[in-house]
Every structure is written in structure tokens, then in C-alpha cells.
**Student:** 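Take a look at the following structure, please.
Throughout, protein chains are lettered first and strands after them, A, B, ... in sequence-line order, and every chain is numbered starting at 1. Only a predicted model underlies this, so the values are computations on that prediction, with no experimental measurement involved.
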Amino acid sequence: MKPETLFKSDGRLERVLRSGRFAVTAELNPPDSADPQEVYDAALVLSSVCDAINATDASGANCHMSSVAICALLTRAGYAPILQVSCRDRNRIAIQGDVLGAAAMGVCNVLCLTGDDVTVGDQPQAKRVFDLDSIQLLRTIKIMRDEGVFLSGRKLTVPPRLFLGAAENPFVPPYDWRPLRLAKKMEAGADFIQTQYCFDLPRFRQFMAQVRDLGLHEKLFILVGVGPLRSEKTAEFMRTKVPGVIIPDEIVNRLRHTPGPRKREEGKQICIEIIQQVREIEGVAGVHVMAYRQEELVAEIIEEAGLLPRPLRIGFIAPDPLRRLRKSQEDPPPFDPEP
Amino acid sequence: MLRWLQDYPHFLEWAYRLTHHLFIWLDPLMRRIGYGRVDRWLRPLEEAGKRSVFDCQMCGQCVLHSTGMTCPMTCPKNLRNGPCGGVRANGHCEVIPEMKCIWVAAYERSQKMPIFGPEMILLQPPVNRQLEGSSAWVNMLTGADRQTPLGWIKKD
Ligand code: SF4
């Protein structure tokens, strides 16, 4: 990766990536609560093991605390969030306003998503918006950043400084087109990519080979999505209910043949193995760790995969004035978010 | 009805080209009549034709030829730049499990389209929702379908 003279954001994630270090991002699961403490509890665990924390935008179309609000809480406490923006719930007017506001609060990274459809969530009766698609959204924010104007052409007095991300799912059809679509995202303005959960390594290797042929790995930072499976039931749930998640039978069987109490360990082990293997692949710039409401487990995985210490000094993290002591960690809730 | 025609994208590609030239040739006449009036006459005709072949949604800014002769507005998420990440392993749609993802179909068709197939990589600008329901043919002649938000054209 050629160093650029000018950074696009003031964030730690961009600096870690551009310095050539292996980056780690993690997902914060938004609470169903009006208590900011729940956000801080999770952020406290994650912040010491990752370079940026993803604030999800009603992922899976399930309603939670909004991503803008989580970013507000996190930036105010000195953490470095990635604002996820999905096209499902808001039109171009709302989105541009949110992005501007987020930048004003100190958000340095934005991840542009299409968004899971309303039908998979807890309120399938809702109206879907999809005014923009993820690529138009990327370009829109790039225009705001680089040209200093809204989509309408109206001028911004101070443009936002943002590191732009996009998602990609190499594991679903049309396989041959996925790398070309990645090129399109780059053209639209993506600086980094976070992929869907990677369990199917052969497919991912093939995808990366195509990406390297197109030379995209030199212009984009690719972070591979990984995460632990708690049991074969979780795996079954994820591959049938969560859109776009592909889990090969071998992994499900491996969990099935592990005795009950050891399943959590085994799931963690699988995740660590995947991290170690994707690290070897040329063009992979980092990992993005996701686990539904199990921040402690994410921290263990990152530690045991040998990704610590994170270069804390690279971006100064202000001490958190709002931080209270973490409540004793109870057993993580089961993955199934349905009642 | 005429959906089977979509399995012959190369033929449709030619048909598109033909209509395109035809309309450009007819343009002076239409201008004389007035685009507004032409739009009223043409709209039902266009709708009947394109709906039966492409399940056209009358967005008023047709990009069919750049999207593998597959109407992107039939995607439940209205995506105009390629598939979402929710496509099922069998190539079916995340939202409507019985339907093949229209982008999987579009990609396959574009491979059989020597003229416009390569246009699949073009970046499609945001949809102008004001044109919804009007004739894309007339909008092509007036140039309304190519008008992007002012900020969009600033760069490249
Ligand atoms: S799976 Fe295909 S058709 Fe369905 S919403 Fe996604 S892109 Fe559209």
C-alpha cells in the first residue's frame, strides 16, 4: 500500500491501516435500552482490543438504539466508532444530515450498507425506503467530503473528514461478479471494506485471487468478517435466518461432535483458526470481529489470535469521564434474538 | 407473458438499439407535437410493452440495457448498482425466496450481450423519483433521464 500524503480522516483506523499494521475492528451490539451505560460496558471491553468499534444500524432490520446515538455516546467518551449507515430506513436527505452530524461529533469512519430487508426483522410490516443504494450512498458521502457540497450541489461550510467503508459478501452468488462489484465500490469512493462472516475459506481465497488480479488490494483495505459460533444451533440459525451468511457443513459438524460444555471453546477455536488463515492471504488488511452480545468473547478471541497489543499510542484515546465500573459479567444471552 | 424473451438478451439488445435510433429519428416530429402530449400517448404503449417483457416499473429513467436487460426496479430493494449481500446460496432473492435474484439473472444475461453487456460496470446515479410514472422514451429525448443531482456531476 502506497502511503498517501494526505489522510482522509483523523481517525485511528485509517492510521493503523495506512501504517501497514494488521487492523482489528469489532462490532458493538446496540442495546434495547435508554441507558447509556450498556453502550459503555460493551465499549470498555472492545476498545482495548480493537482499532474502531462498529455501531450497527438496526442490523437484521431489528430495532435497537440508533447508530448515530451510539456514535454520539462513544465519541463523547473518547472511543473511535465506525458509523454504519444503511439505506433501508432513511432517504438521502436524512442520511446526509446524519453523516454531517456524526462528523461534527468526531466520527471518523462511515460504513455504507444496503441493509437487510425489513422482512427479516422484528417489524416486517414496515415500509422499506432504499432511496439510494449502497454505491450511490458511498459516492454521495465522497462528494460531501471531497467536493464540499451536498448531493444537490449546495455548499458545505466545512466538509466532513471521513474514512469511507463498504461491505462485501464474497460468499454468495453471482461469485464472478463480486470482485467487479468491489471495483465499483472503490470507484464510488470506498477506502476500506468489511466482509460478511467468513467461514468458507476456499471461496474466500478464490475471491481474493480475483481481487489481486484486478489490483484492488492495493487501493482498498480489506477487513475480513469473522466471529465465533456458540453451538451448532447458533450455526444453523445463522445460516438459515441471517441473510447472506454461509457456513459450510464441516464447521457445523465439528461443533455437533463436540461435547456440550466444550462447544463455546471449540467455536472460539474455529474463529481463531480462521483469523490465522486469512492473515496469511495476500491483500487482507485486517479482521472485523462480530459476536452477538458477547463482547468478552470477542476480546478473548482477539487476544488468543495473537493480535494484541493493539498500538494504543497511534491515536490518543482520551480517558473516559463517563466510564463507570463494569457490572459483573453475567452469562451471555443466547444468540437467538427472537422472543 | 413475454418474459421468455429475456432469455434472448442479445435479441433484446438489438431491439433496444433499434428503438433508440427510431426515437432519435422521430424526435423532430415529437418536438413539434410537444413532449407533454407525446408522453400521454406513449406512456400506455411503453408500459404495456415493457411491462410484459421486463415487468417494467415505470421509473421513467430506463437503464435496462446497462443492467443485462433486466429491470433493476424489480429488485425489492430497488438496487441499481448490483446485488445486495443477502443473495441466497442458490442464487435466489433474500426478500422473495421463490424469486431468482434479479442481479444474478442480470449478470448471466449480460454475459450474452456483446453490445451493452460491458456497461454493467457503470455507476448508476440515484433515481430521480420525480420521473416515476412518466415515459422513459420521452425522457430520453428531452434528456430528463440523464439529469443527475447537481452535486453528483461535479467530479469525473
Ligand atoms: S437478493 Fe437480489 S433481488 Fe433480492 S434484494 Fe438482494 S439484490 Fe435485490
**Student:** If you count heavy-atom pairs under 4.5 Å with chain B, which of A:Arg92, A:Arg88, A:Gln196 comes out on top?
**Tutor:** A:Arg92
**Student:** Name the member of A:Leu132, A:Thr119, A:Asp131 that forms the most heavy-atom pairs with chain B at distances under 4.5 Å.
**Tutor:** A:Asp131
**Student:** Any idea how A:Tyr197 and A:Phe199 line up, ring-wise: parallel (<30°), tilted (30 to 60°), or perpendicular (>60°)?
**Tutor:** parallel
**Student:** I need the residue from A:Ala167, A:Cys87, A:Pro174 with the largest number of non-hydrogen atom pairs under 4.5 Å to chain B.
**Tutor:** A:Pro174
**Student:** Between A:Tyr175 and chain B, with a heavy-atom cut-off of 4.5 Å, which part of the residue counts as in contact: side chain, backbone, both or neither?
**Tutor:** side chain
**Student:** Check B:Phe23, B:Phe11, B:Phe54, B:Phe116 against B:Tyr16 for a ring pair (Phe, Tyr, Trp, His ring centres under 6.0 Å) and give me the one that passes.
**Tutor:** B:Phe116
**Student:** Heavy-atom cut-off 4.5 Å, strictly under: side chain, backbone, both or neither for A:Ile246 against chain B?
**Tutor:** side chain
**Student:** Under 4.5 Å, counting heavy-atom pairs only, tell me which of B:Arg80, B:Gln124, B:Glu94, B:Arg88 racks up the most with chain A.
**Tutor:** B:Glu94
**Student:** Do B:Arg129 and B:Glu132 pass the salt bridge (Lys or Arg N to Asp or Glu O under 4.0 Å) test, and can you show the C-alpha distance, the side-chain angles, and the key distance before you say yes or no?
**Tutor:** CA-CA 5 Å; B:Arg129 310 276 168 184; B:Glu132 257 163 33; 3.6 Å; yes
**Student:** Which one wins on heavy-atom pair count under 4.5 Å against chain A: B:Val87, B:Thr148, B:Leu79, B:Asn90?
**Tutor:** B:Val87
**Student:** Before accepting this row, confirm whether a basic side-chain N of the pair A:Arg239/A:Asp249 lies closer than 4.0 Å to the acidic partner's carboxylate O.
**Tutor:** yes
**Student:** Between A:Asp133 and chain B, which part of the residue has a heavy atom less than 4.5 Å away: side chain, backbone, both or neither?
**Tutor:** both
**Student:** Would you mind telling me which of A:Arg178, A:Lys185, A:Arg128 has the largest number of heavy-atom pairs within less than 4.5 Å of chain B?
**Tutor:** A:Arg178
**Student:** Keeping the roles fixed (side chain from B:Asp55, backbone from B:Arg51), state whether a donor-acceptor pair exists under 3.5 Å.
**Tutor:** no
**Student:** Sort out for me which of A:Ile135, A:Thr140, A:Leu137 touches chain B most, counting heavy-atom pairs under 4.5 Å.
**Tutor:** A:Ile135
**Student:** Under 4.5 Å from any heavy atom of chain A, what part of B:Pro125 do you find: side chain, backbone, both or neither?
**Tutor:** backbone
**Student:** Highest number of heavy-atom pairs under 4.5 Å with chain B: which of A:Leu180, A:Leu151, A:Leu113, A:Thr114?
**Tutor:** A:Leu151
**Student:** For the backbone of A:Ile82 and the side chain of A:Asn54, can you confirm whether one donor and one acceptor N or O come within less than 3.5 Å of each other?
**Tutor:** no
**Student:** Can you see whether A:Trp177 has A:Arg181 sitting over its ring - NZ or CZ less than 6.0 Å from the centre and within 45° of the normal?
**Tutor:** no
**Student:** Please check: side-chain N/O of A:Asp57 versus main-chain N/O of A:Ser86, any donor-acceptor pairing under 3.5 Å?
**Tutor:** yes
**Student:** Is it true that B:Gln57 and B:Thr74 share a donor-acceptor pair across their side chains at a distance under 3.5 Å?
**Tutor:** no
**Student:** Who among B:Ile121, B:Leu123, B:Asn78, B:Leu122 has the most heavy-atom pairs with chain A under 4.5 Å?
**Tutor:** B:Leu123
